[in-house]
Structures are given as structure tokens and as C-alpha cells.
2 protein chains.
Amino acid sequence: MANILEVARRAGVSSATVSRVLNKTGTVSSNTRFKVEKAIEELKYEPSMLGRNLRNSESRLLLVLIPNFSNPYYTEIINGIEDYSIANGYNILLCETDSNPDRENIFFNMVKNKLADGIISMDPTVNMQKLTELADEHPIILCSEYDEGGSIPYVAIDNESAAYKAIKHLIKLGNHNIGLINTDEKFLYARQRRKGYERALKEFNLPIRNEWIYTTAGLDFQHGVQAMRKLLQLNEKPSAVFAVSDTLAIGALKELNVRGLNVPDDLSVVGFDNISFSNMTTPTLTTVAQPMYKMGFTAASMLINSIKGRKVESVILDYELIIRESTMK
Amino acid sequence: MANILEVARRAGVSSATVSRVLNKTGTVSSNTRFKVEKAIEELKYEPSMLGRNLRNSESRLLLVLIPNFSNPYYTEIINGIEDYSIANGYNILLCETDSNPDRENIFFNMVKNKLADGIISMDPTVNMQKLTELADEHPIILCSEYDEGGSIPYVAIDNESAAYKAIKHLIKLGNHNIGLINTDEKFLYARQRRKGYERALKEFNLPIRNEWIYTTAGLDFQHGVQAMRKLLQLNEKPSAVFAVSDTLAIGALKELNVRGLNVPDDLSVVGFDNISFSNMTTPTLTTVAQPMYKMGFTAASMLINSIKGRKVESVILDYELIIRESTMK
DNA sequence: TTGAAAGCGCTAACAT
DNA sequence: ATGTTAGCGCTTTCAA
């Protein structure tokens, strides 16, 4: 593969001139430009990003940290990140951490090593202390899950009020016994959604009963199945359930189905995230939609602004309660 | 951020010696090594990959081309690719082409530009001609979708025989009228699965009826819904349907459900891919499982071997028919 | 065992 | 308008 010097020689100019043509900087006579372009063409020259990046000390690569690919929740966010990034000359590197600190370190090092210019983290299991240290020296944005009171800028929705709204919807339908399928409260969104759940119950003078709150060990469908199974073993069963993720809610629907229970007649279900699948279940799932594409898009714009040295502020976006069959009675 | 020279000065050695310590090459006295490690520690030095990559003219980055993230089919393959790659010191860059030639070009250029060392393409819509040209100069592996008679090495399953087996299963259950929900036959797997479908029918002297073969415009759930709707409008309806992807099959199940038809009593359904969701539908979905993780793992090992200059051969992996409720009658 | 120095491919300051 | 040159951070050959 030809390098810039060979192009320069063939065109009878210096490498500086070739660089000017390549980057459309400085001034080049149209005659010289023509010669250079001809040489580029003839040699099928492609500039090496390795040289350019070293010289400019930038990689134009952004890291996107997610715990794992298999959660469909992330796909639309990633689309948003990717669209903004590519439009602005950056590429993204999707990093699956598997909630594994070793992997996390690899990715952190890529930033320290100048292999990437910044990070968007969507990983709720990320080591926030390390990330905050890293944020001292490198541009970092949090997306969806963030650090309350921390210093790293974030994009998110108001989880507390979204959960509140979902529960209020269930209450207005006449449900007084409302269960919660939550996930580990080490996650901020889990704590926030639980708070919203409790606020709504209190507001309507409904009791908060611990046996109606089930905490799962993960977000797979199977965890939702498991959770619903437990709730159905109770003497006094809830008449509605709010799951903090669609995957859990779908697992719950599956279990209800297997038990021959009718949703929403026997029990109403609300999920969270509006993954594409939530419209394919029977019944279709009532859920909270986050503006995922916009979240990703916004996060990317914040990160790139931050890389360019501009100051960025955290952003709270709107959500929407999408009412479908699982709560239509 | 300190560079190698500062470390060298602080340790009272040359940058060459620091490099030797860093890379564990050459010979360094344990005393010198100690001094260098101390200096690295004190300065919190992290080697720049930019410099190293330029020098070694490699990026240790692999591109993985997929048409879009939202198809859950790809997630396990990606896990396999990622595990092998990371274990061997490479990182992967997930590239969503959206079947858009412009995006594709960006990614091709990254390889030409030395920003990436090779490509694994899972994109059935990729411009095979361009990719083949690129493969002359750069390591490229195809995964799952490949180029029949082409020169690029691939990992895949035998789609024709997998479809054949699925149809034979339906026939043995007593189905004589079997529909096919296929996708655009510009895709190799679509042509191969159709062939398998036809071979099984012929073998049992069953007619191949064009009105029972529906070709969708895409792989979203909604396309499956649409396809089933059309098949149900026929005067003579099929008693079983084979869809070439789980997403389509799940859409079909949804439509059957909406129409109040029972699966498998009124109509049996078989999908393809064994996505995690296929076990959450009601009824659960009979489907063909590809060894996705292994496919990804294999593809990555082939690519890295190819980068290291070793010769690689195409690989055909085994599949498995997973029988679930949608065909249990 | 260690150091000096060249060079990977590029850009930009400076000179002409 | 164009060329000369230094240097980004690293590795490696050659010499000591």
C-alpha cells in the first residue's frame, strides 16, 4: 500500500502538498491539486489513520459500554449514538463488559492508551469510582444509568416519576393489590422505580407489602418467569404487577399463560422499556417508553462536545406510558 | 500523560530499555527492570497504542459487519467473536451497515486505512464484489451468509439440509399442506432454505404450491404478521408453516393468536434461529438452532489466523432441530 | 545488558 | 503556492 511520500513523488510535489489536498487545508493551485489527485488515483492511495491519529493524537473512536448485547433495550440507544457519531466523523466501539471488572479494565485502558477518545457508559454495573477517576482526564458521559450526586454528565429519564405514573395507571383501573418485580437495588433505576411505586401506593393509602415486592437476580425472561411463579404462590395475590423491565414482564406473562390465568382479567401487567417484542406478546404489553434513540443521540452529542473541550450539562428526557392489552379491562 | 521518554529519564535508562520491559522482549537485568517499573508506577504511565500501532502497523481491531443490531440472531454470534478476539488481544468494532452502501464504505475504508486489521461480515446485503476485491489485500471472513463459489473463507451451517429436516418433521406429523414464509431470495440462506423445503416436499410427493410460499420484505415481527395474514386469506390454507427466521415465525404466531386459531392444533409453526425469545412465546416455538456462539468463535479464530498469515479453510457447522410446543400435537 | 538512532505515516509551523 | 523539517510515541536493529 502506497504512502504519502510515494504519492508526492509521483505527483512531483512534497508530502505537505499531498496532505493539503487530502485535508482541504491551506492553499493548493488547481493544477497541482489535479496532479496530486491523479497520483492518488493511480496508486490507489488510502491515507493511514495510524499515522494521522498519532500525529493528531486522537483516534476518533468512542467506546460504548453495555453489560451485554442480549438485552434488546440497548439496541435503539446504540442506533442513536451511532448515527450522531458517524455523522460527526467518529466511530463507535461497542464494549460488552459482562459486568466483568477485567473486561472493564481493558476498555478503560483503551482510553488511557489513546485508542479511544471517550466513553459513553450504559453499564449499571460499572465501577463508578474508577470511572469517575477516569473522567478527570478523559471525556465520559453516562447514559440511562447514572451516578446521583456524581460529577459525570448524564442523559436519563425521571425513573421515579415514570414508575409513579405506571402505578397510578394501575390504581385507576381499580387495582389495590399491586406487586413489584424489581431487580437488584444496587442499580439506581431499581431504587428510583421502587420509590415511584411506593409514592403512588402511599398517595392512595394503599399498603406497601414486602411479600409483593420480588427482587430478581437478573433481567432475563427466565427471571420474570421465576418472579411471577413466586408471587402466585402467595395466599393473598396481587391483582396487578409492575415489572421494572419488559424482559421481566414478558417472563411474567409467560408464567401466567402457563398457569392458565388471563391477563388482564385475572392480573394486569406493566413493563418498562417498550422493546420491540413487547408488541408481539399475547396480550400485548403495557409499558413505559423511553426515548431511546434520542437518548443515544444526545449522549453522543454530549460526548463529542466534551471531547472538543466544550462544557456539557446533564439532560433529563421525557418518557411515555404506552397502554396496551395487558392492562385493558 | 507521561510518554516513554519521561519514564526512561526518570528510571535513568533509555527508551529502548523501557520498551523492553513493557514488551518483555530482549534482556533486561532485574535491577534495571525494577527501576523502570518503579518509574512507570510513579508516573502512572500508560503506553500509547497510537505510537505502538503505527510502529507495528497493526491496530488489533477487528470489524464485525451486521445489517442491524435489532435482530437478536446476531447477539450470540457476537459473544463468540468477542470472547475469542479479546482472549487473543484483539478488540472488535461492531459495525451496523443498515444495508447502506455509504456506511459499508466507511467500514471498508477503515481497513484500507489500517484502522482495523480485518473483517468478519455477517451482512447478507454486503456488496460481495467490493468485499472480494478488499479480500485480495486484507483478511476477511464471512459468517453465516457467504458467497457460493466465492473465494472468501466462511463459517456457516448447511441451510438446505436444515430446512429439509424441519419440513420432514412437519410431514411426519401428518402435515401435507405446508406453507413457507421466506424472505427475499437475494439472500443465499433464503434460496438454500427454500431448496430444502422443496426437496422435502418432492420426496414425499407433496405439491409445491406458489400461493403457499410468501416472500416478506424484511425480518421484523411485523413482516411475519403480514405473511400469516396473507396465508390465512387463501381458500385452501396450509396446515403448517415454516418460517425462515424466528422473528417471522413469532409474528406469524401473533397473527394466529389474534385470529383465535390454536397452534399447533389448527396450524403448526416452525422457525429458524432459536433466539432467546422463541422460548417465551405461547406456544413455545419449534425452531432450528444454529451453534451461534461457536460460529462466532470459529469466525474470529479464522480471521486472526488469516491476519497472522496462516491459510484458513471454510467450515460447516452442525445445526439442531429443537422441537417445542408449536409442533406438538 | 544497554543505548543510540532510524523510521512507521502523517500534519503543521515555518520558510521561501 | 509550495517545500523543508520537526515530531507525534513507539519498537527494533545495530553497535558498544
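Proteins come first, then strands; the chains are lettered A, B, ... in the order of their sequence lines, and each starts at number 1.
Nucleotides of DNA chain D with any atom under 4.0 Å from a heavy atom of chain A span, from 5' to 3', D:dA1 to D:dG9.
Within the structure, the ring-ring contact (aromatic ring centres under 6.0 Å, His included) test picks out the following pairs touching residues 81-120 of chain B (sequence neighbours left out): B:Tyr84-B:Phe297. Residue pairs meeting the ring-ring contact (aromatic ring centres under 6.0 Å, His included) criterion with at least one member in residues 120-148 of chain B, sequence neighbours excluded, are B:Tyr146-B:Tyr154. Listed by first and then second residue, the salt bridge (Lys or Arg N to Asp or Glu O under 4.0 Å) pairs involving residues 92-108 of chain B are A:Glu82-B:Arg103, A:Asp83-B:Arg103, B:Glu96-B:Arg103, B:Asp98-B:Arg103 (not counting sequence neighbours). The salt bridge (Lys or Arg N to Asp or Glu O under 4.0 Å) contacts involving residues 52-76 of chain A comprise A:Glu58-A:Arg60, where partners must be two or more places apart or lie in separate chains.
A heavy atom lying under 4.0 Å from DNA chain D marks none of the residues of residues 32-42 of chain B. Within residues 107-115 of chain B, no residue has any heavy atom under 4.0 Å from DNA chain C.
Across its full length, the helix from C:dT1-D:dA16 to C:dT16-D:dA1 shows an angle of 40° between the axes of its 5 terminal pairs at either end, rounded to 10 degrees.
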### Task
For each nucleotide in nucleotides 6-16 of chain C, reading 5' to 3', give B when a protein heavy atom comes within less than 4.0 Å of its base, S when such contact involves only the sugar-phosphate, and - otherwise.
BBBBBBBB---
Cut-off 3.5 Å, no hydrogens considered: what does the side-chain donor-acceptor table look like for residues 36-47 of chain A, sequence neighbours left out?
from, atom 1, to, atom 2, distance (Å)
A:Lys38, NZ, A:Glu42, OE2, 3.3
A:Glu42, OE1, A:Arg10, NE, 2.5
A:Glu42, OE1, A:Arg10, NH2, 3.1

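In this structure, the side chains of B:Ile106 and A:Ile86 come closer than 4.5 Å at one or more pairs of heavy atoms.
For A:Phe187, the ring-ring contact (aromatic ring centres under 6.0 Å, His included) partners two or more places apart in sequence, or in a different chain, are A:Tyr189. Considering only residues two or more places apart in sequence or on other chains, B:Tyr73 meets the ring-ring contact (aromatic ring centres under 6.0 Å, His included) condition with none of them.
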